[in-house]
2 protein chains.
Amino acid sequence: MRPKKTESNPRYDALIGLLWASESLWNASRVFFVRWDLGPSQFNVLKLLHDQPEGCTQTELSRALLVHRSNVTGLLNRLERRKLIVRRDNDADRRAYRVEITAGGRKLVERILPHYHHAAAQMWGDLPEKRVRQIVDDLSQVSRNADRSSKPTPITPTHDARA
Amino acid sequence: MRPKKTESNPRYDALIGLLWASESLWNASRVFFVRWDLGPSQFNVLKLLHDQPEGCTQTELSRALLVHRSNVTGLLNRLERRKLIVRRDNDADRRAYRVEITAGGRKLVERILPHYHHAAAQMWGDLPEKRVRQIVDDLSQVSRNADRSSKPTPITPTHDARA
DNA sequence: GATTAACTGTTGACTCATAAACAATCTATG
DNA sequence: CATAGATTGTTTATGAGTCAACAGTTAATC
């Protein structure tokens, strides 16, 4: 099923390649996590809470993970059912929970992490350290550009808002 | 909400950065496509069929798009309802459809593509052509490694299958 | 030619994502 | 203080993804 030749734009092709790579990675990570009966998204939540011992609100979680508030609800429900996280009441703000990881959740993350690091290293094959770092820099620029294009021009509220 | 310092692995960090960038891009592309009331996945289907005038089966589509067979069903249902694609009967194989893009679908894709190319170019900012191409190469290697790790060792059936 | 094996698309149950609307709560501002 | 506005988390509806199981069809093999 060879695709038809179409007018080629290297930057467009590169974008497709990037999305393709990340889809491959995401699929691989789904397979990777089945061993522990976790989805990649669930692990991301756990990892974040693991590095955030004070806990955080669901909205903070949603912003850190780049997902919608309403999605966090179900994600946490599933994790709470398995006692990997808890929703504690927040005295300072009775609207919000303070979500924390449990001892069990922490243990699970720490059991998984070494394998994850190992698998991640494999993905880059024998690419030299320097190139990897270069890619990280370039991609963070891409992230910024993407965010800028999808958000409605934040307009820095810090004095002096001339466009 | 600063994250806790944890033992750092550059290749792991790079992977997270890659996934992060692609999530940003995906979100941006979702916003981008609302104008035409399309999801990114729907557009991917249309684009593929656009470059494939002979049409293809749903399974071929699923392989090309890296998604499950069962997902293609709903995707095509939504596109068919809007008359952007058609499922034609396949005389040679009565199990399979031959999915084709309609004139309307083709027109839509061709209206969108220029904007898409433009937006894609923006994402890379002023990164020099050479670096962009470099990234494409490196990422295609990553894709291969990811696929290898998630698929159960294909074992090339071409003679000589000693592990 | 009949049976077995493989493949095609759909369905149902589930996860993960969005957006819109809602009650409860906090924060400003009059 | 009152009230208007913003924010927090949930619900509902929908899109997009997985997997497992199914009927129908094709292919292979005996």
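The analysis underlying the following values was restricted to heavy atoms, covering all of them including side chains, and did not include hydrogens, waters or symmetry mates. All values reported here derive from a predicted model rather than from experimental measurement. Below, read A as the first sequence line, B as the second, and so on, with proteins coming before strands; counting in each chain starts at 1.
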Asker: Nearest to the A:Arg78 side chain among D:dG9, C:dC16, D:dA20, which nucleotide is it?
Answerer: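 Given the options D:dG9, C:dC16, D:dA20, the side chain of A:Arg78 is closest to C:dC16.
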
Asker: Assign B:Thr73 to base, sugar-phosphate, or nothing according to its heavy-atom contacts below 4.0 angstrom with the strands shown.
Answerer: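 Base, at least one base atom sits under 4.0 Å.
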
Asker: Is there a donor N/O on one and an acceptor N/O on the other, under 3.5 Å, for the side chain of B:Ser70 and the base of D:dC19?
Answerer: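 Present.
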
Asker: May I have the distance from B:Asn44 (atom CG) to D:dG15 (atom C1'), rounded to whole angstrom?
Answerer: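 It is 14 Å, rounded to the nearest whole Å.
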
Asker: Could you check whether B:Asn71 gets within reach of a base, just the sugar-phosphate, or nothing at all, counting any heavy atom under 4.0 Å?
Answerer: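 Base: the residue B:Asn71, judged by heavy atoms under 4.0 Å, touches a nucleobase.
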
Asker: With rounding to the nearest 0.5 Å, note down the distance linking NZ in A:Lys83 to CG in A:Leu108.
Answerer: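 Spacing of NZ (A:Lys83) from CG (A:Leu108) equals 15.0 Å.
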
Asker: On the side chain of B:Arg95, is there an atom forming a donor-acceptor pair with the base of C:dG9 - under 3.5 Å, no angle test?
Answerer: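 Donor-acceptor pair under 3.5 Å: no.
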
Asker: For a quick test of reading the model, state the closest non-hydrogen atom pair linking B:Asp138 to A:Arg131 and the distance between them.
Answerer: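 Shortest heavy-atom contact: OD1-NH2, 2.6 Å.
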
Asker: Return no unless some side-chain N or O of B:Gln58 is found under 4.0 Å from OP1 or OP2 of C:dT10.
Answerer: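 Checking B:Gln58 against C:dT10: at least one side-chain N or O falls below 4.0 Å of OP1 or OP2.
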
Asker: For C:dT15, take OP1 and OP2 only and decide whether either is under 4.0 Å from a side-chain N or O of A:Gln42.
Answerer: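 Looking at the OP1 and OP2 atoms of C:dT15, neither is under 4.0 Å from any side-chain N or O of A:Gln42.
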
Asker: Do the charged groups of B:Lys47 and B:Asp51 touch, with an N to O distance under 4.0 Å?
Answerer: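 Salt bridge flag = yes for B:Asp51 with B:Lys47.
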
Asker: With nearest nucleotides of DNA chain C determined for B:Val99 and A:Asp93 from heavy-atom distances, which residue corresponds to the more 5′ nucleotide?
Answerer: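 Checking each residue's closest nucleotide, the 5'-ward one belongs to B:Val99.
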
Asker: Once you round it to whole Å, what is the distance between P of C:dG9 and CD of B:Glu80?
Answerer: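 Rounded to the whole Å, the gap is 13 Å.
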
Asker: Contact class for B:Arg87 (heavy atom, under 4.0 Å): base, sugar-phosphate, or nothing?
Answerer: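 Here B:Arg87 touches the backbone only, sparing every base.
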
Asker: For the pair made of CD in B:Glu60 and P in C:dC7, what is the distance, rounded to whole Å?
Answerer: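 The distance from CD of B:Glu60 to P of C:dC7 comes to 14 Å, rounded to the nearest Å.
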
Asker: Taking only the side-chain heavy atoms of A:Arg94 (C-beta and beyond), determine which of D:dA20, D:dT26, C:dC26 contains the nearest atom.
Answerer: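 From the listed options, C:dC26 comes nearest.
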
Asker: Which residue lies toward the 5' end of DNA chain D, A:Arg69 or A:Glu23, if each is placed at its nearest nucleotide?
Answerer: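 Counting from the 5' end, the first nearest nucleotide belongs to A:Arg69.
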
Asker: Give the rounded distance in Å between these two atoms: CG of B:Leu65 and P of D:dA16.
Answerer: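 Whole-Å distance recorded here is 12 Å.
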
Asker: To the nearest Å, how far apart are A:Phe43 CZ and C:dT15 P?
Answerer: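 Roughly 19 Å, once rounded to whole Å.
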
Asker: Return whichever of B:Gly74 or A:Pro40 has its heavy-atom-nearest nucleotide of DNA chain C closer to the 5' end.
Answerer: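 Per heavy-atom nearest nucleotide, the more 5' residue is B:Gly74.
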
Asker: Set out, in order, the CA-CA distance, both residues' side-chain angles and the distance that settles side-chain hydrogen bond (donor to acceptor under 3.5 Å, both in side chains) for A:Arg148 and B:Gln122, then state yes or no.
Answerer: CA-CA 11 Å; A:Arg148 202 164 51 72; B:Gln122 301 279 80; over 6 Å; no

Asker: Where the side chain of A:Ser29 meets the backbone of A:Phe32, is there a donor-acceptor pair that is under 3.5 Å apart?
Answerer: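 No, the answer is negative, given that no donor and acceptor are paired below the 3.5 Å cut-off.
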
Asker: Grab the CZ-C1' distance between B:Phe33 and D:dT14 for me, whole Å please.
Answerer: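 Between C1' of D:dT14 and CZ of B:Phe33: 19 Å.
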
Asker: D:dG17 P sits how many Å from A:Leu19 CG, rounded?
Answerer: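 It is 12 Å, rounded to the nearest whole Å.
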
Asker: Quick check for you: to the nearest 0.5 Å, what is the distance between A:Ile85 atom CD1 and A:Leu46 atom CG?
Answerer: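 The CG atom of A:Leu46 is 8.5 Å from CD1 of A:Ile85, to the nearest 0.5 Å.
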
Asker: Base, sugar-phosphate or nothing for A:Leu66? Non-hydrogen atoms, less than 4.0 Å.
Answerer: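 A:Leu66: backbone/sugar contact only, no base atoms under 4.0 Å.
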
Asker: Rounded off to whole Å, could you give me the CG-to-P distance for the B:Asn27 and C:dC16 pair?
Answerer: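 The answer, rounded to whole Å, is 17 Å.
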
